[in-house]
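Contents: one structure, followed by commentary.
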Amino acid sequence: MSATVSFSLPSSRGPRTVTMSYARVGTGEPLLLLHGIGHHRQAWDPVIHILAAEREVIAVDLPGFGESPALPEGLTHDLSTVVPALGALCEALEIERPHVAGNSLGGLLALELGREKLVRSVTALSPAGFWSPVERRYAFGVLIAMRQAARQLPLPVVERLSRTAAGRTVLTSTIYARPGRRSPEAVVAETLALAHAEGFTETLRAGTSVQFTDDIPGLPVTVAWGTRDRLLVRRQGIRAKQIIPRARLVRLPGCGHVPMNDDPALVARVILDGSR
């Protein structure tokens, strides 16, 4: 079941109201889940029921993605706005310093929340921000092509492709190592989410100057990378370990860029172990 929460953020033009959609389930210490660019909170569906057995899980649609509207005029889709928005979201939901796990853009946001000491632990799955200039240009080129395809493909074609493992491979093999495991309904929904993501272009533009360069002392940090990540290649995990030397670097065998669907049990274990 989804819900929405609204809160105020300062802007150069005065206070602005931000609304975010989320789902909240389970019991235990709070765990915030953050998806990647162009995705939606349902990216976490394969692991949520496992996590919810031990954590109170809050999966959010980032501003301009999924069911969350884009940020209002005066606020930009960049780290300096979205990180405080996530802090304000936790305050509005009366969650004090949750654990956080994020994938891709969500992994970068999770690390930024850790740097700001707004969370009690960080698990980052293939986080953005550890790329070389060439790797970033490649990843952005792939993302733009995926977005264009999602916007141009008629819905009946997407639905028809989603019904076969080969069709699901055509639609999602860039982000999943095992696209055939994704359900047809999920593939259709995430293709539509990518096509309709209001925050996509501005978020991608803001990412052109992003590089994560700070250590995160005094906080448990896990960085996990799929061995079959075709979007952000796994050597970026080595760079992350060099920048955050006390981080636990975990290999996810056989997993792609969005590993939650490729190996739900392994990914859930990594998140639970990282949020003790």
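Computed from heavy atoms alone, side chains included, the values below leave out hydrogens, waters and symmetry copies.
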**Study point:** Ionic contact status for Arg276 with Glu54, cut-off 4.0 Å
**Key:**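 Yes.
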Suppose the criterion is ring pair (Phe, Tyr, Trp, His ring centres under 6.0 Å): which pairs have a residue in [range], not counting sequence neighbours?
range            : answer
residues 187-215 : Phe130-Phe212
residues 234-276 : none
residues 135-191 : Trp131-Phe140

Going by heavy atoms in the side chains, are [X] and [Y] under 4.5 Å from each other?
X      : Y      : answer
Ser132 : Gln211 : no
Arg178 : Asn261 : no
Pro259 : Asn103 : yes
Leu249 : Ile238 : yes

Just jot down the side chain to side chain donor-acceptor pair (under 3.5 Å) partners of [X], sequence neighbours excluded, or say none.
X      : answer
His77  : none
Gln152 : none
Asp273 : Arg269
Arg234 : none

Practice item. Applying side chain to side chain contact (heavy atoms under 4.5 Å, CB included), run through Arg248 and Val270 and close with a yes or a no. Key: CA-CA 10 Å; Arg248 181 176 67 125; Val270 168; 3.9 Å; yes
Looking at every non-hydrogen atom in both residues, tell me the closest pair between [X] and [Y] and how far apart they are.
X      : Y      : answer
Ala124 : Gly107 : CB-O, 3.9 Å
Leu194 : Met146 : CD2-O, 3.5 Å
Lys241 : Ala247 : NZ-O, 2.7 Å
Trp44  : Leu34  : CZ2-O, 3.2 Å
Glu56  : Arg24  : OE2-NE, 2.7 Å
Thr123 : Gly274 : OG1-CA, 4.1 Å

**Study point:** Contact list for residues 186-204, test salt bridge (charged side-chain N to carboxylate O under 4.0 Å, His left out), sequence neighbours left out
**Key:** Arg182-Glu190
Check your understanding: What pairs of residues pass the salt bridge (charged side-chain N to carboxylate O under 4.0 Å, His left out) test when at least one of them lies in residues 32-45, not counting sequence neighbours?
Key ->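 Qualifying pairs, neighbours excluded: Arg41-Asp61, Arg41-Glu67.
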Is there a path of hydrophobic side-chain contacts, each under 4.5 Å between heavy atoms, that joins [X] and [Y]?
X      : Y      : result
Phe65  : Val142 : yes
Ile95  : Val57  : yes
Val119 : Ile243 : yes
Val25  : Val100 : yes

Review point. Taking only residues two or more places apart in sequence or in another chain, which ones pass side chain to side chain contact (heavy atoms under 4.5 Å, CB included) with Ala195?
Key: Ala150, Arg151
Check your understanding: Between Ser104 and Ser126, does any side-chain donor sit less than 3.5 Å from a side-chain acceptor?
Key -> no
Practice item. Scan side-chain atoms only and decide if Thr174 and Arg230 contain a donor-acceptor pair under the 3.5 Å cut-off. Key: no
Exercise for review: Report the residues that fulfil salt bridge (Lys or Arg N to Asp or Glu O under 4.0 Å) with Arg235, sequence neighbours left out, ordered by chain and then residue number.
Suggested key: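 Only Glu135 meet the salt bridge (Lys or Arg N to Asp or Glu O under 4.0 Å) criterion with Arg235.
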Within this structure, what is the [atom1]-[atom2] distance for the pair [X] and [Y], rounded to the nearest 0.5 Å?
X      : Y      : atom1 : atom2 : answer
Leu62  : Leu109 : CG    : CG    : 6.0 Å
Asp263 : Leu252 : CG    : CG    : 8.0 Å
Thr19  : Leu71  : OG1   : CG    : 10.0 Å
Leu79  : Glu116 : CG    : CD    : 10.0 Å
Leu111 : Asp214 : CG    : CG    : 10.5 Å

Check your understanding: Between the main-chain N or O of Ser275 and the side-chain N or O of Arg55, is there a donor-acceptor pair closer than 3.5 Å?
Key -> yes
Review point. Is there a donor-acceptor pair under 3.5 Å between the side chain of Ser121 and the backbone N or O of His99?
Key: no
**Study point:** Heavy atoms from other residues, nucleotides or ligands near CD of Glu91 exceed 12 (cutoff 6.0 Å)
**Key:**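 Incorrect, the count does not exceed 12.
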Practice item. Share the residues that join Leu192 in a hydrophobic cluster, the rule being Ile, Leu, Val, Met, Phe, Trp or Tyr side chains under 4.5 Å apart at the heavy-atom level. Key: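 When side chains under 4.5 Å apart are linked, the cluster holding Leu192 also contains Leu153, Leu155, Val157, Val158, Leu161, Leu171, Val187, Val188.
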Exercise for review: Please assess Ser68 against Ser21 for the test side chain to side chain donor-acceptor pair (under 3.5 Å), listing each intermediate value before the final yes or no.
Suggested key: CA-CA 5 Å; Ser68 292; Ser21 180; 5.0 Å; no
**Study point:** side chain to side chain contact (heavy atoms under 4.5 Å, CB included) between Cys90 and Leu32, worked out
**Key:** CA-CA 9 Å; Cys90 291; Leu32 189 66; 4.0 Å; yes
Exercise for review: Would you please test Leu86 and Leu118 for side chain to side chain contact (heavy atoms under 4.5 Å, CB included) and show each step?
Suggested key: CA-CA 9 Å; Leu86 290 168; Leu118 295 172; over 6 Å; no
Practice item. Pick out which of Arg246, Arg115, Gln242 makes a side-chain hydrogen bond (donor to acceptor under 3.5 Å, both in side chains) with Asp215. Key: Arg246
Review point. Between Trp225 and Leu232, is a side chain to side chain contact (heavy atoms under 4.5 Å, CB included) present by the stated rule, with each step listed?
Key: CA-CA 9 Å; Trp225 229 284; Leu232 298 180; 4.1 Å; yes
